[in-house]
K.L.:
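Structure incoming, see below.
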Amino acid sequence: DESDKDCLNIDFRLWLTNPHIVIPSNPFKTDDTCIMLEALTGLHYRYRSFGSDYSSQSIVTKDLGIVALREYIRPINSRGMRQVSGSFANCGVKTLIDGLSFSIKYNYDARTNYVRFAARIPVSSHHFDRHD
């Protein structure tokens, strides 16, 4: 195919070791609720494409915590808050999910209009021994 000659085959991989991300509900107001994502064992993202018709994306993480914060707290100050006990009303921190492990894979082939979406929850260490 002529269009594939101009396309790059891409294999992009991103490893986040000990990620800690605070996502504000409103980036212009620091007193609005935020969501904090924290994974003590890391997060892996991979994007692959072959020509212009096929792409694949995957995300794998173990020990993900999702925490609601009453207001924006700088990441350097909010690390470890997923372990805070108490109510959202009293301390402004509420752990929504703790210890989540999952893998998600999405494949798309435009030539055949084929979509594959797979999720595995939870992920255990023996899933990492497989080669894909």
Side-chain angles (χ1 to χ4, degrees):
D1 184 45
E2 193 64 34
S3 64
D4 283 346
K5 289 181 182 178
D6 297 330
C7 248
L8 291 176
N9 293 331
I10 299 170
D11 189 348
F12 173 81
R13 301 170 194 212
L14 176 67
W15 286 268
L16 298 175
T17 57
N18 200 13
H20 180 85
I21 302 165
V22 177
I23 304 167
S25 58
N26 182 343
F28 304 107
K29 294 178 71 181
T30 59
D31 58 348
D32 278 0
T33 304
C34 298
I35 293 291
M36 179 181 76
L37 306 174
E38 184 175 68
L40 301 176
T41 55
L43 183 135
H44 175 257
Y45 171 79
R46 184 176 188 187
Y47 172 84
R48 295 184 302 167
S49 68
F50 303 100
S52 60
D53 293 325
Y54 180 82
S55 66
S56 175
Q57 297 182 63
S58 62
I59 298 173
V60 178
T61 188
K62 291 175 61 180
D63 193 36
L64 178 70
I66 302 175
V67 179
L69 303 173
R70 183 175 27 223
E71 59 188 24
Y72 179 79
I73 301 172
R74 292 179 42 196
I76 196 163
N77 298 328
S78 60
R79 184 172 290 280
M81 288 192 141
R82 80 189 247 194
Q83 306 304 327
V84 171
S85 61
S87 69
F88 189 67
N90 292 339
C91 63
V93 177
K94 179 67 176 173
T95 300
L96 304 174
I97 297 173
D98 196 22
L100 177 65
S101 63
F102 68 88
S103 68
I104 296 174
K105 187 166 191 168
Y106 172 80
N107 297 335
Y108 176 67
D109 188 335
R111 284 180 286 191
T112 60
N113 200 26
Y114 174 77
V115 174
R116 176 178 180 238
F117 182 82
R120 176 169 294 180
I121 302 170
V123 173
S124 63
S125 59
H126 78 274
H127 295 119
F128 294 102
D129 296 334
R130 298 167 62 181
H131 299 285
D132 186 14

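Heavy atoms only: backbone and side chains are in, while hydrogens, waters and symmetry mates are out. All figures in this text were calculated on a predicted structure; none of them were measured in a lab.
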K.L.:
Do you know the tightest heavy-atom contact between N107 and S56?
P.N.:
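Shortest heavy-atom contact: OD1-OG, 2.6 Å.
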K.L.:
Transitively linked via ILVMFWY side-chain contacts under 4.5 Å: V60 with W15?
P.N.:
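V60 and W15: separate clusters.
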K.L.:
Grouping I, L, V, M, F, W and Y whenever their side-chain heavy atoms are under 4.5 Å apart, do I10 and Y108 come out in a common cluster?
P.N.:
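Yes, I10 and Y108 fall within the same hydrophobic cluster.
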K.L.:
Drop me the distance from L37's CG to L43's CG, to the nearest 0.5 angstrom.
P.N.:
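Taking CG in L37 and CG in L43, the distance rounds to 9.0 Å.
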K.L.:
Determine the minimum heavy-atom distance between P19 and G42, stating which atoms define it.
P.N.:
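So the two residues come closest at CD-CA, 3.7 Å.
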K.L.:
Is there a continuous path of hydrophobic side-chain contacts, each under 4.5 Å between heavy atoms, that joins Y47 to Y114?
P.N.:
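No.
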K.L.:
Hey, could you give me each pair passing salt bridge (Lys or Arg N to Asp or Glu O under 4.0 Å) that has a residue in residues 9-18? Not counting sequence neighbours.
P.N.:
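Output for this query lists D11-R13, D11-R46.
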K.L.:
Could you tell me which residues satisfy ring pair (Phe, Tyr, Trp, His ring centres under 6.0 Å) with H20, sequence neighbours excluded, listed by chain and number?
P.N.:
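H20 satisfies ring pair (Phe, Tyr, Trp, His ring centres under 6.0 Å) with no residue once adjacent residues are dropped.
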K.L.:
Looking at CD of E71 and CD1 of I73, how far apart are the two atoms once the value is rounded to the nearest 0.5 Å?
P.N.:
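Going from CD on E71 over to CD1 on I73, the span is 6.5 Å.
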K.L.:
Could you list the residues that satisfy ring pair (Phe, Tyr, Trp, His ring centres under 6.0 Å) with Y106, not counting sequence neighbours?
P.N.:
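None.
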K.L.:
Under the rule for side chain to side chain contact (heavy atoms under 4.5 Å, CB included), what residues qualify as partners of I104, not counting sequence neighbours?
P.N.:
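F102, F117, A119.
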K.L.:
Who are the side chain to side chain donor-acceptor pair (under 3.5 Å) partners of Y45, not counting sequence neighbours?
P.N.:
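Listed in chain order: Q57.
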K.L.:
Could you grab the distance from atom CG of L40 to atom CG of N18, nearest 0.5 Å is fine?
P.N.:
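The CG atom of L40 sits 6.0 Å away from the CG atom of N18.
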K.L.:
Determine the minimum heavy-atom distance between V22 and S78, stating which atoms define it.
P.N.:
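Result for this residue pair: CG2-OG, 3.6 Å.
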K.L.:
By side chain to side chain contact (heavy atoms under 4.5 Å, CB included), which residues pair with R74, not counting sequence neighbours?
P.N.:
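Side chain to side chain contact (heavy atoms under 4.5 Å, CB included) list for R74, sorted by chain: Y72, I76, N77.
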K.L.:
For the atom pair CD1 (I66) and CD1 (I21), what is the distance rounded to the nearest 0.5 Å?
P.N.:
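Going from CD1 on I66 over to CD1 on I21, the span is 11.0 Å.
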